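Bear in mind the structure is a predicted one, so any value in this text is a computation, not a measurement.
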Amino acid sequence: MAKVKYNALMFDTRSIQKYIYSGNLLRTNIGASYIVDRIFFEDLVKTLEEIFPDENFEYAKDTTWKTGEDNRTAWNDMKSCCVAYIGGGNALILFDAEKEDKRREIVKNFTLKLLATRPGLKVGVAFGELNTENGAINKDEMSALYAELKKNQNNIFPAVNVPYSGLTLSCEINGETANYFDKYGKIKPGNKNRFYSMETAVKTEMSDAANKNLKNRFNKIFEVKNLSVRMDDFNFPTKVDELGQKDGENYFSIIHVDGNNMGLKFRGCENLKVHRLLSREIRRKTEGAFADLLLKIIAAKNSGLFDKILKFENEKILPIRPLIIGGDDVTFICPANMAILFTKTLMEILNAETLKDAPESLTQAAARKMDCCAGIAILPTAYPFFRGYELAEQLCDSAKKSMRSLLPANFNDKDVLTDEDLKSCTSWLDFAILHGEQAPTLEQIREREYTGARGNLHFGAYQVGNEKESRYNIENLLLCTEKFLNCKKENPPPKGTMSHGKIKELRFVLQRGKSETDKFLQQLENQGQEVPKIPAWENCITDSLWSTEKTPRTPYVDAIELMDFYNSEVAEKWQKLT
């Protein structure tokens with residue numbers, strides 16, 4: 001194949017989290033997430049169809065689960081323009097370099113369409129050229145496109161909302177200019193004749209389409225997997241307090257999951273075809289994994305597993321609400337007492353290798369087995385949603401920091417990851433529990449709330465999967481929590497365990513010095529009680545309950561705090577579900 005030169009446009013979406021989580025109304029979060037997910041598959045493709053009516057762009061309208069489209073090379077069939085790929089928050093459009101350059105017209109029409117129909121959403125764009133030889137990408141030119149996107153992100157700040165002045169009413173949902181009159185109370189049922197921002201109105205309007213699309217997506221996946229389950233029999237919650245919290249339980253959880261080293265994995269793609277294929281397969285892996293989690297939740301609900309710990313006003317509602325499922329990125333909310341189980345299960349499914357003959361038809365090693373990291377923020381129901389998501393994202397970053405600490409020193413310098421490199425990548429999660437208004441960042445929370453006289457009171461982040469003998473494996477923490485919970489079942493507690501009062505006291509003793517801890521442990525021994533022993537911790541935790549690291553830390557505070565958000569009996573039955 002001869003050398004081929006293309007003009008290129010690369011789009012990305014900006015400030016996605018701020019756009020999605022800019023209000024505490026879950027319906028607007030749902031609608032915003034749907035808009036972000038469809039922005040390129042629908043809005044951009046429609047713009048291309050208007051400018052290039054003779055081109056066929058049907059293949060670009062989210063054919064992720066049509067595996068027959070995997071090997072399409074649209075750039076070989078195009079007349080003037082094609083969509084090379086959409087994935088990872090980006091869209092790459094290629095043009096015949098010898099024909100009239102219409103890239104500026106596309107950017108103009110697309111962004112005008114967004115201003116009118118998707119107020120508040122920001123996109124970025126980079127112009128460039130791509131040369132291919134025998135189908136291989138010029139990686140320097142591809143890197144230049146990404147660099148241009150980053151440069152524009154730092155230098156160009158588009159205004160996408162009506163300006164606010166001191167004489168303008170502000171929207172009670174997101175603080176933007178209230179320029180939409182809700183005569184019939186569509187945004188907040190029962191609140192008629194109120195002003196909101198147009199951004200809020202559009203997001204609310206799209207929430208119904210989002211719910212319908214979500215059901216259709218999972219029905220399609222169940223069909224591909226040859227399963228009889230259908231989402232028509234179930235609903236996702238549209239309010240935070242519909243997740244299943246029982247009376248008096250005022251907590252929920254925001255979970256953010258993100259794939260590891262995705263930039264490196266895409267850097268190894270030798271041509272556009274492989275890049276497009278990997279992008280599609282990673283999306284199928286992620287959506288398929290979440291579908292498997294849903295199947296388990298549905299099985300648990302049908303078996304009555306949630307009956308004692310959750311309460312639903314509508315029995316069709318599931319105790320989970322996905323907000324983002326795109327590429328390697330997943331965000332969902334669920335009841336606080338199911339957060340660890342749901343997150344761990346999703347990560348285990350993602351990290352389990354999909355067989356080559358599975359219905360997902362995954363061929364790329366980086367898609368068949370996807371290591372990832374997760375952040376779990378457990379929050380009061382009334383906690384500001386955007387700050388809750390930011391905390392979940394910071395926790396995910398904390399987990400990634402632990403993951404990177406175990407990678408070889410030259411890992412990030414590699415152009416191509418081998419199978420052995422992929423095996424060295426591990427999955428981690430971190431969590432935080434907020435009991436009220438606390439410091440705004442994870443670092444400040446840990447410094448103020450989880451620093452004792454002897455070191456760190458937080459032991460994580462924690463590994464998911466891999467060797468259970470690792471001291472940081474989440475299974476060891478859950479085993480300790482389970483042993484603490486078992487102490488509450490008998491009064492007085494069995495010999496060798498701890499009373500519930502002593503467990504709570506231990507939380508405060510660990511904040512003090514070594515002498516106080518030693519006195520407490522001696523008192524336990526005199527009373528025939530003892531702190532649970534976890535085999536994987538015996539070589540790293542001293543007899544005074546702290547690790548021997550340069551910066552000591554203890555795992556027992558994490559285990560104690562999880563007692564209110566983990567049910568060992570439910571967890572045992574959950575593991576047996578298929």
Flag side-chain contact, heavy atom, 4.5 Å: [X] against [Y]:
X      : Y      : value
Gln153 : Leu149 : no
Trp537 : Pro535 : no
Val36  : Tyr19  : yes
Ile297 : Phe234 : no
Met142 : Leu92  : yes

Would you say [Y] and [X] are linked by a side-chain donor-acceptor pair, where the criterion is simply a distance under 3.5 Å?
X      : Y      : answer
Trp574 : Thr345 : yes
Ser361 : Lys356 : no
Asn567 : Lys308 : no
Thr363 : Glu281 : yes
Lys3   : Asn131 : no
Trp65  : Glu287 : yes
Thr67  : Arg280 : no
Arg267 : Asn261 : no
Asp371 : Asn351 : no
Asn219 : Asp232 : yes
Ser470 : Asn473 : no
Thr354 : Lys285 : yes

Please check this pair: side chain of [X] against backbone of [Y], looking for a donor-acceptor N/O pair closer than 3.5 Å.
X      : Y      : answer
Gln394 : Leu442 : yes
Thr331 : Ile324 : no
Asp430 : Cys396 : no
Ser207 : Thr28  : no
Asn29  : Ile20  : yes
Ser303 : Ala300 : yes

Could you measure the distance from the [atom1] atom of [X] to the [atom2] atom of [Y]? Nearest 0.5 Å is fine.
X      : Y      : atom1 : atom2 : result
Phe411 : Arg404 : CZ    : CZ    : 10.5 Å
Glu353 : Lys369 : CD    : NZ    : 7.5 Å
Ser279 : Ile86  : OG    : CD1   : 9.0 Å
Tyr251 : Asp564 : OH    : CG    : 8.5 Å
Asp233 : Glu315 : CG    : CD    : 13.5 Å
Asn260 : Ser427 : CG    : OG    : 6.0 Å

Check [X] against [Y] and note the closest heavy-atom contact, atom names and distance.
X      : Y      : value
Ala210 : Tyr34  : CB-CB, 3.4 Å
Leu477 : Ala559 : CD1-N, 3.5 Å
Cys81  : Glu55  : N-OE2, 3.0 Å
Ala461 : Ser398 : CB-O, 4.4 Å
Phe342 : Pro319 : CE1-O, 3.5 Å
Ile320 : Phe236 : O-CD2, 3.3 Å

Aromatic contact between Phe431 and Phe565, with the criterion being ring centroids under 6.0 Å apart: yes or no?
no
What about the rings of Phe290 and Phe332, do their centers lie closer together than 6.0 Å?
yes
Under the side chain to side chain contact (heavy atoms under 4.5 Å, CB included) rule, what do Leu48 and Ile106 come out as? Steps first, then yes or no, please.
CA-CA 7 Å; Leu48 295 174; Ile106 290 169; 3.7 Å; yes
Does NZ or CZ of Lys301 come closer than 6.0 Å to the centre of the six-membered ring of Phe312, within 45° of the ring's axis?
yes
Is Lys66 positioned over the aromatic face of Tyr59, cation under 6.0 angstrom from the ring centre and no more than 45 degrees off axis?
no
Tell me, yes or no, whether the heavy-atom count around Gln575 atom CD, taken from other residues, nucleotides or ligands under 6.0 Å, exceeds 12.
yes
Given Ile325 and Phe218, is the side chain to side chain contact (heavy atoms under 4.5 Å, CB included) satisfied, shown in steps?
CA-CA 11 Å; Ile325 309 177; Phe218 286 116; 3.7 Å; yes
Salt-bridge present (Lys46, Glu42; N to O < 4.0 Å)
no
Let's go through Lys265 and Asp328 carefully: what are the C-alpha distance in whole Å and the side-chain angles of both, what is the deciding distance for salt bridge (Lys or Arg N to Asp or Glu O under 4.0 Å) to 0.1 Å, and is it a yes or a no?
CA-CA 12 Å; Lys265 292 170 183 177; Asp328 64 311; over 6 Å; no
Decide yes or no on salt bridge (Lys or Arg N to Asp or Glu O under 4.0 Å) for Asp37 and Arg283, but give the supporting numbers first.
CA-CA 12 Å; Asp37 185 59; Arg283 187 177 177 95; 3.1 Å; yes
For salt bridge (Lys or Arg N to Asp or Glu O under 4.0 Å), just list the numbers for Arg368 and Glu360, CA-CA rounded to whole Å, side-chain angles, deciding distance to a tenth of an Å, and then say yes or no.
CA-CA 9 Å; Arg368 289 201 307 271; Glu360 288 88 340; over 6 Å; no
I would like to know whether Lys203 and Arg27 meet side chain to side chain contact (heavy atoms under 4.5 Å, CB included); could you show each step before the answer?
CA-CA 8 Å; Lys203 291 176 180 178; Arg27 286 181 65 204; over 6 Å; no
Give the intermediate values and the outcome of salt bridge (Lys or Arg N to Asp or Glu O under 4.0 Å) for residues Arg72 and Glu69.
CA-CA 5 Å; Arg72 176 185 284 275; Glu69 295 282 347; 2.7 Å; yes
Please report the C-alpha distance between Asn211 and Arg321 in whole Å, then the side-chain angles of each, then the deciding distance to 0.1 Å, and finally whether the side-chain hydrogen bond (donor to acceptor under 3.5 Å, both in side chains) criterion is met.
CA-CA 10 Å; Asn211 288 327; Arg321 171 76 219 191; 2.5 Å; yes
With under 30° as parallel and over 60° as perpendicular, where do the rings of Tyr389 and His256 fit, or are they tilted in between?
perpendicular
Which word best sums up how the rings of His458 and Tyr462 line up, parallel for under 30°, tilted for 30 to 60°, or perpendicular for over 60°?
perpendicular
List the steps and the verdict of side chain to side chain contact (heavy atoms under 4.5 Å, CB included) for Arg38 and Arg118.
CA-CA 11 Å; Arg38 313 315 297 171; Arg118 307 287 184 256; over 6 Å; no
For Ile93, the option from Asn7, Val45, Val83 that meets side-chain contact (heavy atoms from CB on, under 4.5 Å):
Val83
